[in-house]
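Throughout, numbering of the chain's residues begins at 1 and tracks the sequence. First listed ligand is number 1; within each ligand, the first listed atom is number 1.
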Amino acid sequence: MTLTLVPVLGDQLTIGLASLRAADPASAIVLFAEVSEEASYVPHHKKKIAFAFSSMRHFADTLRRDGWTVDYVRFEDPANTGTLAGEIRRSITQNDIDRIVITEPGEWRLRTALEEMADAMTIPVEILEDDRFIASHADFDDWADGRKQLRLEHFYREMRVKTGLLMTADGQPEGGRWNFDADNRQPANPDLFMPRPMQFTPDGVTREVIELVQRHFGDHFGDLEPFWFGVTAEQAKRAFGHFVKTALPQFGDFQDAMISGHAFMFHSVASLYINAGLLDPIDACRRVEDAYRSGDVPLNAAEGFIRQIIGWREFVRGIYWREGPEYVSRNTLNHTRPLPTFFWTGDTDMACIRDVVEQTRAEAYAHHIQRLMITGNFALLAGVDPREVHEWYLAVYADAYEWVELPNTLGMSQFADGGLLASKPYVSSGNYINRMSDYCEGCRYDVKRKHGNGACPFNALYWHFIDRHAPELRRNPRLRTVYATWDRMSESNRLAYRSSATAFLKQLS
Ligand code: FAD
Ligand code: DLZ
Ligand code: SF4
């Protein structure tokens, strides 16, 4: 009998995974390995490691119940080599394996390592495409080839047609429009009733993992407890159902809003489950579509949610694989400032950043506008090295895997790919933050003051960014009015912005 080894990674926890479909439980061994290389290549948030290990252990149990033979290497196993390649080699020898079938990993780093390992092997190694996405690599390339610009909106429409989500019987977008984003920009009101994501009490497996993480990763960023994430597909499904009932109806209206102390607002907190493989993205979208068709949620909420999944999520993945392993080194704006330490400590007088960092430390979560328009905006305005920004985002969020995190950080948030992903840099002064949040009310800085002592740092940094990057950005049609405003400003005003920003950046260093 030919014995097949199926290594399953921490973000491949899906019963219908390509490599599991390609193997037979009667003649296969499924390998899971908790390894220091994966847990430490960036200093992952403690909750992220606990989520990964506990979900892996639970998924391994599910496979055992389904009749699979599982080789599970625990982190503290004395024979653990600490790398995935090392554990695959060890399992081959121990179990006398004849062939390997693996689903491609979600990172160039691991993909290259596995390809090198495969080349050096004497047994056949088959690396299968990960088909848990709507667009395959070939689909994305077919769409992208020959286009001058890759824009989400065009790609998204194709995904709507392909999936049939929110389409009418005669092939038109539901409600006569593809995109209801313009309806989704309401600032939040702190008096709104805020739902909470469904929380789960850790079982024995999770408790054991929490103790392990405390023992080995106690110095990593983030609070380990209270730990309340779901760690099984069944829990992820329940958590998502709870979101559809309690938060989705207002998801659209308040998608961009931020309130101090309210980490989750009306967001799904589904990305960690979807990215680990515990929740199927298309099932989630169908559930949202059903809620719309039964009249439980408005169209702007359902469309807004579905666009994030079949639009943005698929789009950034396409860009990640298309751009290759060099994408991570892009730095079009030549930013070199080290990441300020308050990204780790939260020790800053800027109330908006403090709130987002503190919530990130507590929950390993921030919603999109916090990531884009608070921490991302600040890093871009201050000229922080995009690779350092990328490594921070990859470490601190429970949903962060490079295929999705890198294009969002380096491309969308830091404009380091020169506009491949975003048509203009996502930068703003304090005014936008004040409009979309209540952060400024509790801040030592005055958002209304443009420059000088006590002025909101975002104000001067914004114009400093616009000024110093005029050579690269002035010709961008989406920034025409911004440069017209800068050009119209009095020289003394421009000087005041420049010196305020320079003084702030100096004390940052
Ligand atoms: P919701 O607001 O409820 O959105 C629903 C779902 O849509 C999410 O669960 C997610 O699967 C998907 N989604 C929404 N926006 C995006 C997007 N821009 N790209 C891909 N999927 C999206 N998302 C990650 O999954 N992992 C990351 O590491 C990650 N890093 C980011 C870094 C930066 C700088 C920025 C600006 C965004 C990043 N995002 C990342 C996208 C987005 O912020 C998160 O998907 C979202 O905040 C997750 O919270 P949620 O599940 O409550 O999302
Ligand atoms: C995130 C993570 C962590 C913390 N640990 C492991 C691990 O020990 N073993 C494993 O197989 N996967 C882990 N993961 C998920 C991987 O980092 C993920 O599979 C790659 O980043 C590819 O996306
Ligand atoms: Fe942030 Fe400026 Fe508002 Fe303070 S005043 S919270 S720094 S935007």
Side-chain angles (χ1 to χ4, degrees), residues 7-12 32-41 44 48-53 56 73 75 84 87 105-107 109-111 197 217 243 247-248 251 255 260 264-276 279 281 284 304-309 311-317 348-355 365-376 378-379 389-390 393-394 397-410 412-414 426 428-434 437-449 455-459:
V8 171
L9 308 179
D11 55 354
Q12 298 185 336
F32 294 87
E34 297 169 1
V35 290
S36 57
E37 186 184 49
E38 289 313 299
S40 315
Y41 67 95
H44 297 292
K48 180 180 180 185
I49 304 176
F51 170 69
F53 287 5
M56 286 166 69
V73 184
F75 192 80
L84 285 170
E87 286 316 290
E107 246 185 77
R109 172 185 62 88
L110 265 184
R111 187 154 140 176
F217 305 98
F243 157 72
L248 179 62
F251 171 86
Q255 204 177 337
S260 342
F264 310 106
M265 301 292 296
F266 300 97
H267 292 272
S268 66
V269 196
S271 50
L272 82 163
Y273 301 131
I274 297 176
N275 295 346
L279 185 66
F305 184 87
I306 287 171
R307 176 158 27 89
Q308 306 311 314
I309 303 264
W312 279 113
R313 188 170 183 272
E314 295 283 331
F315 184 66
V316 298
R317 176 179 186 258
T348 165
D349 286 336
M350 290 180 281
C352 51
I353 298 207
R354 193 172 59 233
D355 186 82
Y365 176 85
H367 63 74
H368 187 69
I369 286 298
Q370 294 177 312
R371 297 187 205 197
L372 188 65
M373 296 311 293
I374 304 294
T375 39
F378 181 85
V389 185
H390 147 62
Y393 279 97
L394 188 57
Y397 292 114
D399 60 16
Y401 302 92
E402 197 178 89
W403 66 266
V404 54
E405 176 278 328
L406 183 67
N408 267 300
T409 303
L410 191 115
M412 187 189 303
S413 162
Q414 298 302 298
Y426 281 97
S428 82
S429 66
N431 192 27
Y432 171 86
I433 297 172
N434 191 30
S437 78
D438 68 349
Y439 290 140
C440 304
E441 288 163 27
C443 187
R444 178 176 89 69
Y445 294 108
D446 181 353
V447 71
K448 302 276 183 224
R449 282 197 71 163
C456 166
F458 280 85
N459 293 337

Can you give me the closest heavy-atom contact between [X] and [Y], atom names plus distance?
{"X": "N275", "Y": "V404", "answer": "ND2-CG1, 4.0 Å"}
{"X": "C456", "Y": "Y445", "answer": "CA-CB, 3.8 Å"}
{"X": "K448", "Y": "D446", "answer": "N-OD1, 2.9 Å"}

With a 4.0 Å cut-off on heavy atoms, is [X] in contact with ligand 1?
{"X": "G376", "answer": "no"}
{"X": "A366", "answer": "yes"}
{"X": "F305", "answer": "yes"}
{"X": "F315", "answer": "no"}

So which heavy atom in the protein is nearest [atom], and how far is it from that ligand atom?
{"atom": "atom 20 (C) of ligand 1", "answer": "R313 CA, 3.5 Å"}
{"atom": "atom 3 (O) of ligand 1", "answer": "S268 OG, 2.6 Å"}
{"atom": "atom 15 (N) of ligand 1", "answer": "Q308 OE1, 3.4 Å"}
{"atom": "atom 8 (O) of ligand 2", "answer": "V35 N, 2.9 Å"}
{"atom": "atom 19 (N) of ligand 1", "answer": "N408 ND2, 3.0 Å"}
{"atom": "atom 1 (C) of ligand 2", "answer": "Y401 CE2, 4.1 Å"}
{"atom": "atom 10 (C) of ligand 2", "answer": "G10 N, 3.5 Å"}
{"atom": "atom 19 (O) of ligand 2", "answer": "D11 OD1, 2.7 Å"}
{"atom": "atom 21 (O) of ligand 2", "answer": "E107 OE2, 2.7 Å"}
{"atom": "atom 23 (N) of ligand 1", "answer": "V404 CG2, 3.8 Å"}
{"atom": "atom 2 (O) of ligand 1", "answer": "H267 ND1, 2.7 Å"}
{"atom": "atom 16 (C) of ligand 1", "answer": "W312 CB, 4.0 Å"}
{"atom": "atom 46 (C) of ligand 1", "answer": "R371 NH2, 4.2 Å"}

In terms of atom number and element, which parts of ligand 2 are under 4.0 angstrom from non-hydrogen atoms of A33? 7 (C), 8 (O), 9 (N), 10 (C), 11 (O)
Should [X] be counted as touching ligand 1, given the test is an N or O pair under 3.5 Å?
{"X": "N275", "value": "yes"}
{"X": "V269", "value": "yes"}
{"X": "Y393", "value": "no"}
{"X": "S271", "value": "yes"}
{"X": "M412", "value": "no"}

Looking at [atom1] of [X] and [atom2] of [Y], how far apart are the two atoms once the value is rounded to the nearest 0.5 Å?
{"X": "M412", "Y": "Y426", "atom1": "CE", "atom2": "OH", "answer": "6.0 Å"}
{"X": "D438", "Y": "C443", "atom1": "CG", "atom2": "SG", "answer": "11.5 Å"}
{"X": "F378", "Y": "M350", "atom1": "CZ", "atom2": "CE", "answer": "4.0 Å"}

Y365, portion touching ligand 1 at heavy-atom distance under 4.0 Å: side chain
Proximity of F251 to ligand 1 by residue part, where a heavy atom lies under 4.0 Å: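 The side chain, only.
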Below 30° counts as parallel, above 60° as perpendicular, anything between as tilted: where do the rings of Y365 and H367 land?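 It falls in the tilted class, 30° to 60°.
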Please determine whether any non-hydrogen atom of [X] lies less than 4.0 Å from an atom of ligand 2.
{"X": "F75", "answer": "no"}
{"X": "F32", "answer": "no"}
{"X": "E37", "answer": "no"}

Would you say [X] and ligand 2 have an N/O pair spaced under 3.5 Å apart?
{"X": "A52", "value": "no"}
{"X": "K48", "value": "no"}
{"X": "E38", "value": "yes"}
{"X": "L110", "value": "no"}

Protein N, O or S atoms less than 2.8 Å from atom 3 (Fe) of ligand 3, ignoring waters?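 Atoms qualifying: C440 SG.
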Quick look: Y41 vs ligand 2, heavy-atom contacts under 4.0 Å, and the answer is side chain
What part of Q12, side chain from CB on, backbone N/CA/C/O, both or neither, has a heavy atom under 4.0 Å from ligand 2? neither
Is it the case that K48 places NZ or CZ above or below the six-membered ring of Y401, under 6.0 angstrom from the centre and within 45 degrees of the axis?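 Yes, a cation-pi geometry holds between K48 and Y401.
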With a cut-off of 4.0 Å, which atoms of ligand 1 are near a heavy atom of S413?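 In order of number, 34 (C).
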Compute the ring centroids of Y273 and F243, then answer whether they are less than 6.0 Å apart.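 No, ring centres 6.0 Å or more apart.
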Test side chain to side chain contact (heavy atoms under 4.5 Å, CB included) on Y397 and E405 and set out the steps. CA-CA 9 Å; Y397 292 114; E405 176 278 328; over 6 Å; no
